[in-house]
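This report concerns only the one structure given below.
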Amino acid sequence: AHEAPKGPHTFTFAGGTEGGWRVRSQQVWRGANIVEAQSVGIVDERAENVPTKAAWQLRGVVSNLRYTTNRDRQTLSGRQPGLGRTEAVFAAIIPIRKSAAWWDLAQDERRQVFEETSKHTSIGLDYLPAIARRLFHSRDLGEPFDFLTWFEFAPENEPRFDDLLARLRATLEWTFVEREIDIRLVNS
Ligand code: HEM
């Protein structure tokens, strides 16, 4: 019988020459770049071995929600698409690190910046169901980034994705972002 694996659900994103997603572009928005890879693979550490040879590896865990109200969660679950849609052959992996000033805030202050002031969720909802997303937390793993953000969309929706990024980057929340790299991919 198959026994369910224990521990947090950890994923490794590996940039290199193998992996199902070919890199189309890589742009630094803030901070230092990482080595440019030809392709990116995503490994579920519960199921697969992590590749030993990679240009870079970034790890993240699927975690609980921090800032989402019950009402927001219901709205999101009614509108957000799943990953792996056949038409969503474009993707983006955007690793993000926030500043010490962000992490020094209390939980209620972070929520205030994130939603009441910056309207992160309500901005994001404008782009559903075009954009599918998944958030990975890396900070507590001692990683170079705090978050690995993953998005999937159809090629014709890439201009909308760019518009979404521009709106988020203009918010108070993004003044706390000190490192961000935008890596665009195509399913290959
Ligand atoms: C967190 C929604 C797009 C970066 C969140 C959370 C929600 C959300 C609800 C909070 C999760 C929680 O409660 O802990 C959305 C929606 C989007 C979207 C609906 C539309 C596609 C983006 C984009 C980026 C981004 C384009 C930038 C690359 C982040 C980050 C966090 C986050 C870094 C973690 C923030 C923190 O914990 O400090 N998003 N988001 N999101 N999102 Fe988005």
Side-chain angles (χ1 to χ4, degrees), residues 8-9 11 13 24-31 33-34 40 58-85 87-88 90-141 143-185:
H9 203 172
F11 289 82
F13 291 77
R24 295 183 291 121
S25 67
Q26 177 166 329
Q27 268 191 311
V28 175
W29 187 73
R30 206 161 265 182
N33 206 350
I34 56 174
V40 173
L58 296 170
R59 301 176 73 227
V61 298
V62 177
S63 187
N64 59 285
L65 298 170
R66 295 345 193 225
Y67 306 113
T68 310
T69 60
N70 180 44
R71 195 194 165 94
D72 284 348
R73 184 166 62 176
Q74 283 181 20
T75 313
L76 283 162
S77 68
R79 243 192 274 181
Q80 64 192 357
L83 298 176
R85 292 168 296 168
E87 70 276 17
F90 275 14
I93 166 88
I94 307 183
I96 287 177
R97 190 174 70 216
K98 285 183 169 175
S99 64
W102 172 261
W103 296 107
D104 283 345
L105 295 174
Q107 183 69 16
D108 59 334
E109 296 172 305
R110 282 197 293 265
R111 159 75 202 182
Q112 182 74 33
V113 172
F114 176 87
E115 197 60 37
E116 278 73 21
T117 308
S118 301
K119 311 237 178 294
H120 185 124
T121 308
S122 73
I123 290 172
L125 279 167
D126 287 347
Y127 300 84
L128 269 44
I131 314 291
R133 51 179 272 275
R134 191 163 208 189
L135 177 65
F136 301 87
H137 286 260
S138 303
R139 176 177 161 83
D140 292 344
L141 300 176
E143 287 280 308
F145 296 92
D146 296 332
F147 309 98
L148 305 175
T149 63
W150 174 262
F151 306 93
E152 293 176 2
F153 45 89
E156 64 265 28
N157 285 323
E158 187 153 66
R160 300 203 62 214
F161 184 68
D162 289 330
D163 181 68
L164 164 62
L165 271 179
R167 283 175 70 188
L168 288 173
R169 286 170 178 165
T171 62
L172 178 64
E173 184 194 355
W174 249 255
T175 65
F176 294 93
V177 172
E178 61 177 27
R179 195 172 178 199
E180 176 176 348
I181 304 164
D182 180 349
I183 303 171
R184 300 291 171 97
L185 309 162

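We count ligands from 1, going down the list as the structure has it; atoms in each ligand are counted the same way. Computed from a predicted model, the values in this text were never measured in an experiment.
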Next on the checklist: Please state which option from F161, Y67, F114, W150 has its nearest heavy atom closest to atom 5 (C) of ligand 1.
Outcome noted: F114

Checklist entry - Taking atom types as modelled and ignoring hydrogens, do the side chains of D163 and Y127 form a donor-acceptor contact shorter than 3.5 angstrom? => result yes

Next on the checklist: I need the nearest protein heavy-atom contact for atom 38 (O) of ligand 1: residue, atom name and distance, please.
Outcome noted: K98 NZ, 2.7 Å

Checklist entry - Among protein heavy atoms, which lies nearest atom 27 (C) of ligand 1, and at what distance? => result W174 CZ2, 3.6 Å

Checklist entry - Of the choices F147, F153, F176, F151, which has the non-hydrogen atom that lies closest to atom 22 (C) of ligand 1? => result F151

Item to check | Per-atom contacts of ligand 1 with W102, taking only distances under 4.0 Å to non-hydrogen atoms | outcome: 38 (O)

Item to check | Verdict with reasoning, F145 to I34, per side-chain contact (heavy atoms from CB on, under 4.5 Å) | outcome: CA-CA 11 Å; F145 296 92; I34 56 174; 4.3 Å; yes

Checklist entry - Do D146 and W102 have a side chain donor and acceptor closer than 3.5 Å? => result no

Checklist entry - Please state which protein non-hydrogen atom is closest to atom 14 (O) of ligand 1 and give its distance, to 0.1 Å? => result R66 N, 2.6 Å

Checklist entry - Just distances here: any N/O of T68 and N/O of ligand 1 closer than 3.5 Å? => result yes

Item to check | Residue selection (non-hydrogen contact nearest atom 21 (C) of ligand 1) among L164, L148, I94, D72 | outcome: L164

Checklist entry - For ligand 1, is any non-hydrogen atom under 4.0 Å from L76's backbone (N, CA, C, O), its side chain (CB onward), both, or neither? => result side chain

Checklist entry - Side chains of W29 and Q27: do they bring a donor and an acceptor to under 3.5 Å? => result no

Checklist entry - Could an N or O of ligand 1 be found under 3.5 Å from any N or O of N64, whether backbone or side chain? => result no

Checklist entry - What protein N/O/S atoms are found closer than 2.8 Å to atom 43 (Fe) of ligand 1? => result H120 NE2

Checklist entry - Would you call the rings of F151 and F161 parallel, tilted or perpendicular, where under 30° means parallel and over 60° means perpendicular? => result tilted

Item to check | Modelled atom types, side-chain donor and acceptor of S99 and E178, under 3.5 Å | outcome: no

Item to check | R110 versus Q107, side-chain donor and acceptor atoms under 3.5 Å | outcome: yes

Checklist entry - If you measure from the Lys or Arg side-chain nitrogens to the Asp or Glu carboxylate oxygens, is any gap between E116 and R111 under 4.0 Å? => result yes

